[in-house]
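Heads up: the structure comes next, in structure tokens.
Numbers restart at 1 for each chain; the letters A, B, ... are given by sequence-line order, proteins then strands.
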Amino acid sequence: MTATSSPPTAQADPANRPGPPLWLLAEVTYRCPLHCAFCYNPTDFARTTPADELDTDGWLRVLHQARALGSVQCGFSGGEPLMRDDLEILVAEAHKLGYYTNLLTSGVGLSPARAEALKAAGLDHIQLSFQDTTRELNDFLSHTRTFDLKQQVAGSIKEMGWPMVMNCVIHRLNIDHIDKIIEMALALGAEYLELANSQYYAWALLNRDQLMPSRAQLERAERITKEYRQKLGDRLRIFFVVPDYYEIRPKKCMNGWGNVFLTVTPDGTALPCHTARMLPGLDFPNVRDHSVQAIWYESEGFNRYRGTDWMHDSCKTCPDREKDLGGCRCQAWMLAGDPSAPDPVCDKSPAHHLVQDAVARANQPGALAARPLIFRDPKASRALSEQAASSSAPARPAGTTA
Amino acid sequence: MTPATSAPPTACPRLNGHFRLQFETAQDAWVLLYPEGMIRLNPSAGEILRRCDGSRDIPAIVAELEALFDTRGLDHDVRAFLDMAGTQRWITLS
Ligand code: SF4
Ligand code: SF4
């Protein structure tokens, strides 16, 4: 899944105590049958083995504790959450507790029987992702069997009365087919379609040069999307998200650190955002050892970048500091090597040239890097973990220096 | 007087099945939940929406609201809100 949908806003109380973690993202497993080159799971995900995953009771405890604090949205994600055979149990409990329940899936493993069981458990919404668009598109255009799987899953979603929300990660290699992607979503009966450019974290950072579209590609895709919007009106609502590297002000990442989002990773580590584990010098608490309440309100990990006190002067004295809260801490660490620095997307950041350089590379004629894509799989993950163990610098794409 | 809404006077508003309305103690408010999102409602919006169950027509909702808040003349406001809620697809009019 991607974290680009507009998040709810929290009601912080006057004593400056943060509001509740309105959004609970349960990353129930890193297991996944797919190998997306833009996967947002950490590159060292294979360190978490299936035996390290929280068990059913562990997840049920998290659901209870977060709901008691005031969480209302619960997302089941992964990896591929359908790889957990207790997913129906978790969804049923979440529903009973009063969460709005969301399943973020590629659809692999969603048999009609499981769709029915999830409906009976009270699942409110499925976000179905196109992952391997190249293959899916080929299959769609050539009417082959694998596309039948997507069609069957889409059929189940309709039949169960869930809203039809589809998501497609857009990048340099598929953006020129944006019209066909929209047609494919239409053929599947989508009501909402999110066309989100990959954000350059984790695997997508490793593959950044291959994934970042050129300005001309982006402009064309936006133009075509607009034409479809006009043509389709209410029939299909299309959201288009550009890569933040093309902006000059950073996004208000996660709507503020420790403000509304709580992610729990497969092994029970609690994070303010699904990529935050990469940050140095922070020991993120585990739900096996601490209550969600203590984690949210008292842990160092969650308090570290709340508000504006931690900021460097460039952000602290900036009139926009409340607007974006200095942007993304992970991006500051990955690119500028300092998690308290302004997000280098910001053109006031001393490290902004790094973003500009990456954009410039994407806009050289014939720029597609010769290096092959690195696909997300356990073997590549173990190799990357070993490399990382012998260096303390943030993982950067090949050929980049700070 | 022209009614503020395009809805026929006998329409019975009903919450869209993809949305869920519930009272949240932690926020001391009615909230409307939908795929990956939440809208925090003010008290009157919450009281109107919880009556959109397909069994009451608009005059009935107006009458209940006027009784609840011990006031009169809410017709225009209720209709304006329902109009907006219809545009947002929170409710359907049947
Ligand atoms: S490999 Fe693809 S489908 Fe699997 S978790 Fe990563 S992004 Fe999702
Ligand atoms: S200097 Fe900091 S606070 Fe100001 S716009 Fe840039 S990132 Fe945001």
Distance col, row A:His95:NE2 vs B:Arg20:CZ, nearest 0.5 angstrom, shows 6.0 Å
Check whether A:Tyr99 gets within reach of chain B through its side chain, its backbone, both or neither, counting any heavy atom under 4.5 Å.
-> backbone
Closest non-hydrogen atom pair between A:Val72 and B:Gln27, with its separation = CG1-NE2, 4.3 Å
Please say whether more than 12 non-hydrogen atoms of neighbouring residues, nucleotides or ligands are located less than 6.0 Å from CD in A:Glu159.
-> no
Counting only heavy atoms closer than 4.5 Å, note whether A:Leu69 contacts chain B via side chain, backbone, both or neither.
-> backbone
With distance as the sole test, does B:His18 use its side chain to make a donor-acceptor pair with the main-chain N or O of A:Gly161 at under 3.5 Å?
-> yes
Look at atom NZ of A:Lys158 and say whether more than 12 heavy atoms of other residues, nucleotides or ligands are closer to it than 6.0 Å.
-> yes
Nearest non-hydrogen partners of A:Gly70 and B:Glu24, listed with the distance = O-OE1, 4.2 Å
For A:Gln73 and B:Pro35, indicate whether the former's side chain and the latter's backbone hold a donor-acceptor pair under 3.5 Å.
-> no
Calculate, to the nearest 0.5 Å, the distance between atoms CZ and CD belonging to B:Arg89 and A:Glu191 respectively.
-> 7.5 Å
For residues B:Gln22 and A:Gly98, report the shortest heavy-atom separation together with the two atoms involved.
-> NE2-O, 2.8 Å
